*Asks:* 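Mind having a look at this structure? Questions to follow.
Scope of the values below: all heavy atoms of this structure, side chains included, with no hydrogens, waters or symmetry mates. Lettering follows sequence order; numbering is per chain, from 1. Predicted model only: the values in this text are computed from it and were never measured.
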Amino acid sequence: MSRSDIDEEDRPSEGARFGEVPDQYDPEAVEKRVFEYWEEVDAYEKTKEAFADEEPFFFVDGPPYTSGAAHMGTTWNKSLKDAYIRHIRMRGHDVTDRPGYDMHGLPIETKVEERLGFENKKDIEEFGMENFISECKSFADEQLEGLQSDFKSFGVWMDWENPYKTVSPEYMEAAWWGFSQIAERGLVDQGKRSISQCPRCETAIANNEVEYEDREDPTVYVSFPLREREGSLVIYTTTPWTIPANEFVAVGEELTYQKIRATRDGEEDVLYIAAECVENVLSKGRYEDYEIEEEISGAEMLGWEYDLPLAEEVPANPDRDGTHTVYHADYVEAEDTGLVHSAPGHGEVDFERGQELGLPIFCPIGGDGVYTSEGGKYEGQFVKEADEEITADIEEKGLLVASGTITHSYGHCWRCDTPILQMATDQWFITITDVKEELLDNIEDSEWHPQWARDNRFRDFVENAPDWNVSRQRYWGIPIPIWVPEGWCGEMDDVIVIGSREELAKRVDEDVDPEEVDLHRPTVDDLTITEDGTTYERVPDVFDVWLDSSVASWGTLDYPGDEERFEELWPADLIMEAHDQTRGWFWSQLGMGTAALGEIPYDEVLMHGFANDSEGKKMSKSVGNVVQPHEAIQRHGSDAMRLFLLSVNPQGEDMRFSWDEMATMERNLNILWNVFRFPLPYMRMDGFDPEGTDLEAVDSDLELVDEWILARLQTVTREMTAAWDDFRQDQALSALMEFVVEDVSRFYIQVVRERMWDEEDSPSKNAAYATLYHVLKQVCALLAPYAPFITEEIYGALTGDRGHDTVHMLEWPEQEEYWTDEQLETDIELVRAVEEAGSNARQQAERKLRWPVSRVVVAAGEDRLAEAVGRQGALLEDRLNAREIHVVATDERFEELAYSARADMSVLGPQFGDRAGEVMSALNEARIEEPSLDALSAAVSTALGEDVELTEEMVEFVEETPEELSGSRITIEGNGLGVVYVDTELTEDIESEGYAREVIRRVQEMRKELDLPIDAPIRLDLDIADDQVAGLVSEHEDLIAEEVRAAELETVEDGHRKEWEVEGIEMEIAIESLE
RNA sequence: GGGCCGAUAGCUCAGUCAGGUUGAGCGCUCGGCUGAUAACCGGGAGGUCCGCGGUUCAAAUCCGUGUCGGCCCA
């Protein structure tokens, strides 16, 4: 379909150049038109083609997780990505823009379980793993569609036809490949590790998937009787269910413990407790009396042995290899009892210390949190439910010192809210700690914005990162590609790790087509490998979903399936995500890249913040402060929403959402809209041809203000480019917005209005056309990455079918030396400051701008100001409607000014007594040429007829401005540069022009009321009651006739007639169209 | 509990690196302008620079400490 087929009515800005555009900026209508237009001309595809031969730039999209819709944070993230992709493209790059989606994992499984009403793994097994997995896939696909359409709705241009999906065979293969590389380097291991287990999901979950919430738990103080000596160790725990797995008690070597003989209910107990904890423990245990028998250090207690209270109930608990002994541990503090019950099977620190001590790892529970046969008496009970029985058993033995409950923060599964259990299980690990130095080195190869994120946060995290548990005992994920031999003894050399579909097909016993095979469970579960007479079976686990996205830098290139692009592009030039990804995707990619390829897979990182509410608080459904992106789009349009999001500092700081700011952005766009449509009627009327009449052609006719706006454009272009290079697109945007609003709209357009209104075809008018046209086109290019819709529409209207198919094919403008003129920029800045002060002075004198003033005097406080006003006097005359501008240089005096003084009566009184009043009057009335004591004394002495001694304390000098002048200070950002004086004295000549202008303005308003075309000639009839004023006005009949396009000044019989009152004078005006 | 980041006008932010009278835009308000007109221009009001302590002639800025918010870790 060609452009000419487009319905003109729907697309006012398209088709003919300088066509009619709607009066009002209507974002929704603009978006609708632009979306249709993009579709019709294949704008995205054409843009990509246009830059296809440029230098490649490899951007990698961090894949959003496919559950739920796009929120403000995702929207901010994608807006940033879109803006940077567009900008980098304009700078001459072929940018990779393949979007990605993270589609596996437990969160989706639990959503599907909810949907199907499942409660645990057994329900899934019953439903059938294959069915369940296919439900997960459809769920993820559904969510993906929703996200895609959300992203498209605010104009993000990415390769939507071809996103990478972590569930595709190519992508899963990329994960297998990376993992096999890591295995080859010997960085994969299987073994017991203490992990957080969700007993409902029956899988290990990552630490960051643990959410802490308050819950009530039992507290027990238990005494462990010592062997071969009198007394017991008192321990404290909130998890009685872990006591069956107790293996040692930890003390602090440096801490002091006391041997206490305490009595309650007539019974005597001998207890060991940390000195600082004694009081508290004994009061909890309701002991009536006690005495301290001995004080010893923790070090002296090392090696003491004790009897496990539940030894009979749990016979499998190993009483050998150094268990049930006192050891030192760093994690002990003088809290609770100062003696820490340690169960390596149920705690991370316990586990580590147990490993160091060479203790066996005893964990008598299964993945569902139920005691196994090793749990002895408690077999078959869920641990949390066994708490009570265990406590009772201990009490029966007389070993319960105290019990109660506590409300404390406890970890829960982020998906199903089940309290998590710490347990030691067999898991697969990437032993990332083996390459920690390499990780830290590789960090240096990346550049971060902001840099502190890398050097503080990220480095700290990497330094403390534990081995990466990559196995999950679940269904919806990438199956771990490890096959182990029957009766495997745990030796890694004996396992087979498959790295690709082809390798899989080659090595498995079954017939598999590498092109067709689905790598998901359960397909791969049934595949076996037989080599050298040994049969291998796949381990049943799937990968932690964090592993999926960690391979995105090559997965997005379909590597290893497609090697060519990997060779050309990898590693990524740029990634950008929010700061939560420091320990997420920034980290997982570093780990994967380093372990698999020895390199960090990205060069530059832009780390942005979170989208908070207007008070800086997290948006959350329960608080009800969530702002939906589609609501923002509805209220202010996609462009305004994007402008707001992109106006926020993208480096590490959180965003505060603000409807106010977004509304301001829409208003700014409205100003741009007005700026753009202002010249169109004139250009159309005059048949302006921007190709023939370009800047070069009108160069010699350019006026100062044209040169100025072009110079400003160069500066803005330079500043914006620098800001983008610095990853501060927000600063670039504010520079551009200030240019549009402040310079183009509020100054340039105001100044050139008269030139455009000129009926004659003048060189000056053409120069203004060419200038404004150039400026508008450049503004479109500079704004395009931020506001893709409105810029498209404006660009289309300016270029018609002579330009590119889309504004997004433009190159990023460069600063042009030829038009750069810093002196001129400073001049005008100063002139505008004078103008502002001048307007203020006029207002004080109540003289409207329509009435000319005879002269304006600028008393310069700085040479630079005098220079500027000297050079730009003509412009200033025009702006202030002054007949003459006079500059008083810094070393000159403005003679019309005089000084007087104000007396300080508290000093004058005592000094002059009776005559103080007289002296004061003389002071006030004195008019002297310079503010000096000598001059003042002389004037006062003359007035009083005798010598008067004055001192500095008595007076304060004040400037006396003559009555006909009105003064105002000239300032830029609060700094004073001088004073402007406006002479508002009226003369007949000034009154004559003033009244004439009053008439013109009213006739113009009446023309508008008749909705006349701007160039329609009229007949004008004036009837002014006051003869003198009528005479004054008649002196300017020619001016009036020209301004209002009055071809005849005659009686109007039945035209548009109106009574006016001007400065108290009645006048009647009538007009009539001559067409 | 620990690490990192932030707090300046009613709102959004600059100024903090390198100490010297806190500044802009928006909003509010008063006035002006009028063929860009639901636009535009000028004036005005509006501040405990989060609190406390220290260094210094001088602190929004440097140091210490606390409070609140955000992210991460436990």
Side-chain angles (χ1 to χ4, degrees), chain A residues 21 23-25 207-208 210 212 331 333 348-349 409 411 450 452-453 455-461 463-465 578-584 587 607 609-618 644 647-649 651-665 667-668 670-682 730-731 734 737-738 741-742 744-747 749-750 753-754 756-757 835-844 846-850 879 968 971-975 997 1000-1016 1043-1045:
Chain A
V21 298
D23 284 356
Q24 217 45 51
Y25 167 53
N207 283 335
N208 61 298
V210 176
Y212 289 82
Y331 53 78
E333 285 174 33
E348 208 171 331
V349 289
S409 138
W452 55 257
D455 294 339
N456 299 333
R457 242 173 207 247
F458 195 50
R459 177 166 283 276
D460 287 352
F461 183 79
E463 273 170 1
N464 298 319
H579 46 40
D580 58 333
Q581 298 303 330
T582 313
R583 55 137 293 78
W587 154 246
M607 185 192 88
F610 266 42
N612 292 332
D613 74 359
S614 57
E615 282 166 19
K617 299 210 173 132
K618 190 191 177 113
F644 167 69
S647 72
V648 175
N649 181 343
Q651 297 197 15
E653 286 178 36
D654 289 342
M655 174 190 93
R656 276 177 170 224
F657 184 84
S658 163
W659 284 115
D660 232 32
E661 291 299 302
M662 200 176 291
T664 303
M665 290 301 165
R667 261 193 302 280
N668 285 344
N670 187 38
I671 292 174
L672 173 65
W673 185 263
N674 283 322
V675 163
F676 141 73
R677 72 191 185 84
F678 156 73
L680 295 183
Y682 308 105
D730 57 317
Q731 294 177 335
S734 58
M737 279 296 138
E738 192 185 322
V741 174
E742 212 50 58
V744 182
S745 171
R746 293 185 185 163
F747 198 78
I749 297 280
Q750 301 296 333
R753 275 161 80 163
E754 269 186 53
M756 296 213 177
W757 186 230
E835 181 193 341
E836 201 175 306
S839 305
N840 187 6
R842 263 179 173 276
Q843 188 169 336
Q844 281 174 38
E846 294 182 324
R847 183 58 39 83
K848 18 183 158 175
L849 190 59
R850 249 192 325 260
R879 299 295 295 163
S968 177
T971 60
I972 289 181
E973 289 182 1
N975 296 318
R997 298 253 171 228
I1000 291 168
R1001 129 106 189 90
R1002 282 164 179 82
V1003 175
Q1004 298 290 34
E1005 190 168 324
M1006 290 172 72
R1007 284 185 62 113
K1008 243 185 120 184
E1009 283 162 4
L1010 288 185
D1011 215 9
L1012 294 181
I1014 54 175
D1015 57 345
E1043 289 290 322
V1044 305
R1045 310 219 163 170

*Asks:* For A:Phe461 and B:C71, give me the distance from atom CZ to atom P, rounded to whole Å.
*Replies:*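 Going from CZ in A:Phe461 over to P in B:C71 covers 16 Å.
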
*Asks:* What integer number of Å spans the C1' atoms of B:C30 and B:C62?
*Replies:*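 43 Å, rounded to whole Å.
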
*Asks:* Specify the separation, in whole Å, of atom CG of A:Asp455 and atom P of B:C5.
*Replies:*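 Spelled out: CG on A:Asp455 to P on B:C5 is 11 Å.
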
*Asks:* Under a 3.5 Å cutoff on both atom distances, Watson-Crick or G-U, what's the dot-bracket for RNA chain B ([ ] crossing, | other strand)?
*Replies:* (((((((..((((......[..)))).(((((.......))))).....(((((..]....)))))))))))).

*Asks:* Considering only the C1' atoms, how many Å lie between B:A14 and B:G25, rounded to the nearest integer?
*Replies:*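 About 10 Å, rounded to a whole number of Å.
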
*Asks:* Taking only N and O in the side chain of A:Lys617, is any of them less than 4.0 Å away from OP1 or OP2 of B:G70?
*Replies:*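 No, no such contact exists.
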
*Asks:* Can you tell me, in whole Å, how much space there is between the C1' of B:G44 and that of B:A59?
*Replies:*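 Looking at atom C1' only, B:G44 and B:A59 are 30 Å apart.
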
*Asks:* What's the CG-C1' distance between A:Asn612 and B:A7, to the nearest Å?
*Replies:*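 In whole Å, B:A7 C1' and A:Asn612 CG are 13 Å from each other.
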
*Asks:* Rounded off to whole Å, could you give me the CE-to-P distance for the A:Met607 and B:C4 pair?
*Replies:*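 Computing the A:Met607:CE to B:C4:P distance gives 14 Å.
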
*Asks:* Identify which one of A:Gln651, A:Arg457, A:Glu653 satisfies the side-chain contact (heavy atoms from CB on, under 4.5 Å) criterion when paired with A:Pro450.
*Replies:*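 Answer after filtering A:Gln651, A:Arg457, A:Glu653: A:Gln651.
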
*Asks:* Does A:Glu738 reach a base, just sugar-phosphate, or nothing at all? Heavy atoms under 4.0 Å.
*Replies:*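 Since no nucleic acid heavy atom lies under 4.0 Å of A:Glu738, the category is nothing.
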
*Asks:* To the closest 0.5 Å, what do you measure between OG1 (A:Thr664) and CG (A:Asn670)?
*Replies:*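 Between A:Thr664 OG1 and A:Asn670 CG, I get 12.0 Å after rounding to 0.5 Å.
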
*Asks:* Quote, to the nearest angstrom, the P distance that separates B:G42 from B:C50.
*Replies:*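 One P to the other, the span is 30 Å.
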
*Asks:* Once you round to the nearest 0.5 Å, how far does CG of A:Asp580 lie from CE of A:Met607?
*Replies:*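 One gets 9.5 Å once the value is rounded to the nearest 0.5 Å.
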
*Asks:* Check whether any side-chain heavy atom of A:Phe747 lies under 4.5 Å from a side-chain heavy atom of A:Glu835, and answer yes or no.
*Replies:*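 Yes, close enough: below the 4.5 Å cut-off.
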
*Asks:* Nearest heavy-atom pair of A:Ala578 and A:Phe610: which atoms, and what distance?
*Replies:*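 Here A:Ala578 and A:Phe610 meet closest at CB-CE1, 3.8 Å.
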
*Asks:* Start with the C-alpha distance between A:Ser647 and A:Met665, add both sets of side-chain angles, then the distance that settles side chain to side chain contact (heavy atoms under 4.5 Å, CB included), and finish with yes or no.
*Replies:* CA-CA 9 Å; A:Ser647 72; A:Met665 290 301 165; 3.7 Å; yes

*Asks:* Say we look at B:A58 and B:G23: how far apart would their P atoms be, to the nearest angstrom?
*Replies:*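 So the two P atoms sit 22 Å from each other.
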
*Asks:* Quiz question: going by heavy-atom distance under 3.5 Å, is there a donor-acceptor pair between the base of B:A39 and the side chain of A:Ser745?
*Replies:*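 It does not, because no donor-acceptor pair links the side chain of A:Ser745 to the base of B:A39 below 3.5 Å.
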
*Asks:* Figure out the CZ/P separation between A:Arg583 and B:C4, and round it to whole Å.
*Replies:*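 These atoms are roughly 18 Å apart.
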
*Asks:* Under the side chain to side chain contact (heavy atoms under 4.5 Å, CB included) criterion, do A:His579 and A:Asp654 qualify, and how do the steps go?
*Replies:* CA-CA 9 Å; A:His579 46 40; A:Asp654 289 342; 2.8 Å; yes

*Asks:* Excluding sequence neighbours, so at least two apart, what forms side-chain hydrogen bond (donor to acceptor under 3.5 Å, both in side chains) with A:Arg656?
*Replies:*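 Testing A:Arg656 for side-chain hydrogen bond (donor to acceptor under 3.5 Å, both in side chains), a comparison that skips the adjacent residues, returns none.
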
*Asks:* Just do the side chain to side chain contact (heavy atoms under 4.5 Å, CB included) check on A:Asp613 and A:Lys618 with the steps written out, would you?
*Replies:* CA-CA 6 Å; A:Asp613 74 359; A:Lys618 190 191 177 113; over 6 Å; no

*Asks:* Locate the shortest heavy-atom distance separating A:Asn668 from A:Val741; write the atom from each residue and the value.
*Replies:*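 Taking every non-hydrogen atom into account, OD1-CG2, 3.7 Å.
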
*Asks:* Rounded to whole Å, please give me the gap between CG in A:Asn668 and P in B:G27.
*Replies:*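 Interatomic distance, CG of A:Asn668 to P of B:G27: 10 Å.
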
*Asks:* Which residues pass the ring-ring contact (aromatic ring centres under 6.0 Å, His included) test with A:Tyr25, sequence neighbours left out?
*Replies:*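 A:Tyr25: ring-ring contact (aromatic ring centres under 6.0 Å, His included) contacts with A:Trp673.
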
*Asks:* So A:Thr582, base contact, sugar-phosphate only, or nothing? Heavy-atom distance under 4.0 Å.
*Replies:*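 It contacts nothing in the nucleic acid.
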
*Asks:* Calculate the interatomic distance between A:Ile749 atom CD1 and B:C40 atom P; express it in whole Å.
*Replies:*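 Computing the A:Ile749:CD1 to B:C40:P distance gives 12 Å.
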
*Asks:* How far does CZ of A:Arg667 sit from CE of A:Met737, to the nearest 0.5 angstrom?
*Replies:*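 It is 13.0 Å, given to the nearest 0.5 Å.
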
*Asks:* Hey, what do you get for CD (A:Glu742) to CD1 (A:Ile671), rounding to the nearest 0.5 Å?
*Replies:*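 That separation rounds to 9.5 Å.
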
*Asks:* Does a side-chain N or O from A:Arg667 land closer than 4.0 Å to OP1 or OP2 of B:G25, or not?
*Replies:*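 So the side chain of A:Arg667 is outside the cut-off, no N or O lying under 4.0 Å from OP1 or OP2 of B:G25.
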
*Asks:* On a whole-Å scale, what distance lies between the C1' atoms belonging to B:U21 and B:G15?
*Replies:*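 It works out to 14 Å between them.
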
*Asks:* Could you check A:Trp587 against A:Phe458 for ring pair (Phe, Tyr, Trp, His ring centres under 6.0 Å), going step by step and ending with a plain yes or no?
*Replies:* CA-CA 8 Å; A:Trp587 154 246; A:Phe458 195 50; 7.1 Å; no

*Asks:* Could you list, one pair per line, each protein nitrogen or oxygen that sits under 3.5 Å from a nitrogen or oxygen of nucleotides 31-33 of chain B, together with the distance?
*Replies:*
unit_1, atom_1, unit_2, atom_2, d
B:C33, OP1, A:Lys848, NZ, 3.4
B:C33, OP1, A:Arg850, NH2, 3.4
B:C33, O3', A:Arg850, NH1, 3.4

*Asks:* Starting from P on B:C73, measure out to CD on A:Gln581 and report it in whole angstrom.
*Replies:*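 Nearest whole value for this atom pair: 11 Å.
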
*Asks:* Evaluate side chain to side chain contact (heavy atoms under 4.5 Å, CB included) for A:Asn612 paired with A:Met655, printing each intermediate quantity in order.
*Replies:* CA-CA 6 Å; A:Asn612 292 332; A:Met655 174 190 93; over 6 Å; no

*Asks:* Could you pull out the protein-nucleic contacts involving nucleotides 8-15 of chain B (nitrogen or oxygen on both sides, under 3.5 Å)?
*Replies:*
unit_1, atom_1, unit_2, atom_2, d
B:U12, OP1, A:Ser614, O, 3.2
B:U12, OP1, A:Arg656, NH1, 3.1
B:U12, O4', A:Glu661, OE2, 3.3

*Asks:* Looking at the side chain of A:Asp580, which of B:C71, B:A36, B:A38 is the nearest nucleotide?
*Replies:*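 Closest nucleotide among those given: B:C71.
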
*Asks:* Taking B:G19 as the reference, what is the distance to B:U56 when you measure between their C1' atoms (whole Å, please)?
*Replies:*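 Looking at atom C1' only, B:U56 and B:G19 are 9 Å apart.
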
*Asks:* Provide the distance between the two P atoms, one in B:A60 and one in B:G53, to the nearest whole Å.
*Replies:*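 About 14 Å, rounded to a whole number of Å.
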
*Asks:* Can you work out whether A:Arg997 or A:Glu835 has the more 5'-proximal nearest nucleotide on RNA chain B?
*Replies:*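 In this pair, the answer is A:Arg997.
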
*Asks:* For nucleotides 61-63 of chain B, which of its nitrogen or oxygen atoms have a protein nitrogen or oxygen under 3.5 Å away, and what is each distance?
*Replies:*
none

*Asks:* If you assign A:Gly652 and A:Arg457 each to the RNA chain B nucleotide with the nearest heavy atom, which residue ends up on the more 5' nucleotide?
*Replies:*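 Taking each residue's closest nucleotide, the earlier one in sequence belongs to A:Gly652.
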
*Asks:* With rounding to the nearest 0.5 Å, note down the distance linking OG1 in A:Thr582 to CZ in A:Phe461.
*Replies:*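 Interatomic distance, A:Thr582 OG1 to A:Phe461 CZ, rounded to 0.5 Å: 9.0 Å.
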
